[in-house]
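Worksheet: the structure to be examined is printed underneath.
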Amino acid sequence: MTFDYHEPRSLAEALALLDRYGDDAHLMAGGTATVLLMRQGLLRPGHVIGLRAIDDLRGITPTRDGGLRIGATATLRAVERSPEARMYSPALTDAFASVATVRIRNQAMVGGNLAHADPAQDPPPMLAALNATVSIRSSRGERSLPIDELAVDHFTTSLAHDEIITGVVLPPIEPGSRETYLKFLPKTADDYATVSVAATLRFAPDGTIAETRIVLGAVGPTPIRARRVEDALRGQPPSRVRDALELVPDEVDPIDDLRGSAAYKREMARVWTGRALARVTR
Amino acid sequence: MSTHRLSFTLNGTKHELEVAADRLLIEVIRDDCGATGTKLGCAVGVCGACSVLVDGELLSACLLPAVFADGRRITTVEGLAKNDLTPLQDAFIREGGFQCGICTPGQLIAATALLSEQPRPDHEAIRTWMMGNLCRCTGYYGIERAIQKASGVGGQSPPNRL
Amino acid sequence: MKFTHTATVAAPRDKVWARIMDIPSAARCVPGVASVRASGKDKYQGTLAVQIGPVRLVLDGDFVMTARDEQAGTASLKADAKDSRVGGAIRATMDLALAEKEGQTEVKIATDLAVMGRLGEFGQAVIKRKADQLMGDFAECLARQVMTAR
């Protein structure tokens, strides 16, 4: 493993480095994933560009409309401890506090967590259930991407080589909305989930479900939106949840591993989606 | 391979050295600075044997690029005791908080970070926090008892005073 | 780890058989295969480049046809390949079975894959899914090839 390390002080400088080195460059935020992949010899970039010294990528700040912006180099622990994040949604705090151990959360950063595109990570399903958009910059300009469209496969995103995630923007939460994050951990508390479920739900004044978003982690190559379940529940009373849950096993695409067989994970996806929906309809 | 000038304090002593881009903090503190109290266990950030405090924050030295340490204050197990042991170290001895001892530097550092953040953690808080520090002798009861004993005593945390 | 893929090709069995037995050409149906050449009787050499996120693997290896029964429409293949930079290897056996039904041919490929060394550390899950994708693409491409060749 041999590479040059760069630590630009500004976004412009970082983008220029990316343009110069193309796909021989690898971006690094907190470095938890990058260091491991490099040490295993699986990742061999010629240039590593560290993003941690860039001021523009920092911070967790409420937006003017009542939403929340999380900078790409906010550590997972900073989100976990942020009063603004908790004020926005306690479920967001729960999801970030669920990641591995406090040591990892002190080092790992939000932008890196998203770019790594590990389908078993905790923050992406919660951010997706909260309808987040990812802010992306390149020397060609700026764009916003619904977080659903970021991960396209295991460890693979739709980002181009010259793009940097600058942050995540969460829209204001509509009054009456409820959110939850649940993680099924049959082995150890710092393990990856067998299945995780992030759910948000809002009732209409007549007591029917006006809107719900359900995103499952660790049961497919990317976080999975249970869209058919969402569609089945829209406009329906909460008594319909039980029937809708039958759709869950066909929404997910798990594989056999040490955390369970694919068939078991499909069943657990149904059970834990049920538990998540019980929390937000209670 | 690029090299980088680093300047940091390790247990209160200033170090200035030049490191290659691929070096990790655990290698620099053990091999370059000679502070071998911090152990390398799993080398993938899971076991907690390499726990260190960087500006008071608990981190895995086996996952941390050494370049990240520039300008920081690092505390390892060697930096805990001044003339006397800290109350936490004392409690580890009295309560049987270690057996073979290989995980102990990491356990002490992790518990120090816990007590500086939550001076009186309850049972659950101790377990949740210490969950990431593995003890292959499975001496967890003694470790938990020691932390409980030392909690609320104060004077645990040199990191913020260094 | 084991997986099975099937593809239906709108062509008679002998046509499909002939196509598959042209190993260097059939191998090009696996995305990422760079070169395949014969290295002996029923032996081939080749490279396969695979990208999983930021991880790029170049698998160099041998490919041997261990059994072939044209009458029954079955064949067995064994592949051994390694990535010397990463330090890992794969070993795969593939059992191929062709069956003709109403002028169409069903191609069934059963793969048993073992991943060794550092490649294994990357996560069986990821490797399995990638291998699954590759074999799926292979079966589809083969079907296309045969149909356009008709």
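Below, chains carry the letters A, B, ... as their sequence lines are ordered, and counting in each starts from 1. Because the structure is predicted, anything quoted here is derived from the model rather than measured.
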Note to self: With a 6.0 Å cut-off (strictly less than), is the heavy-atom count around CZ of C:Arg91, excluding the residue itself, greater than 12?
What the structure shows: no
Next item on the list: Measure distances from C:Gln133 to the heavy atoms of chain A and classify the residue's part below 4.5 Å as side chain, backbone, both or neither.
Entry: side chain
Notebook entry, point to check: For A:His154, which residues count as a ring-ring contact (aromatic ring centres under 6.0 Å, His included) partner, sequence neighbours excluded?
Noted result: none
Check: Just wondering, are more than 12 heavy atoms of other shown residues or ligands nearer than 6.0 Å to CZ in A:Phe184?
Finding: yes
Item checked: Test salt bridge (charged side-chain N to carboxylate O under 4.0 Å, His left out) applied to A:Asp162 - qualifying residues, sequence neighbours left out -> A:Arg140
Next item on the list: Would you give the length of the straight line joining atom OG1 of A:Thr156 to atom NZ of C:Lys130, rounded to the nearest 0.5 angstrom?
Entry: 6.5 Å
Notebook entry, point to check: Is there a donor-acceptor contact under 3.5 Å from the side chain of A:Arg44 to the main chain of C:Arg85?
Noted result: yes
Next item on the list: For atom NZ of C:Lys43, decide whether the heavy atoms of other residues, nucleotides or ligands shown that lie under 6.0 angstrom number more than 12.
Entry: no
Next item on the list: Under 4.5 Å, counting heavy-atom pairs only, tell me which of A:Pro45, A:Pro221, A:Pro254, A:Pro119 racks up the most with chain C.
Entry: A:Pro221
Next item on the list: Check whether any side-chain heavy atom of C:Arg56 sits under 4.5 Å from a side-chain heavy atom of A:Asp23, and report yes or no.
Entry: yes
Notebook entry, point to check: If you look at every heavy atom in A:Leu42 and C:Val55, which pair is closest and at what distance?
Noted result: O-CG1, 3.4 Å
Note to self: Between A:Asp253, A:Asp257, A:Asp256, who has the most heavy-atom pairs with chain C when the cutoff is under 4.5 Å?
What the structure shows: A:Asp253
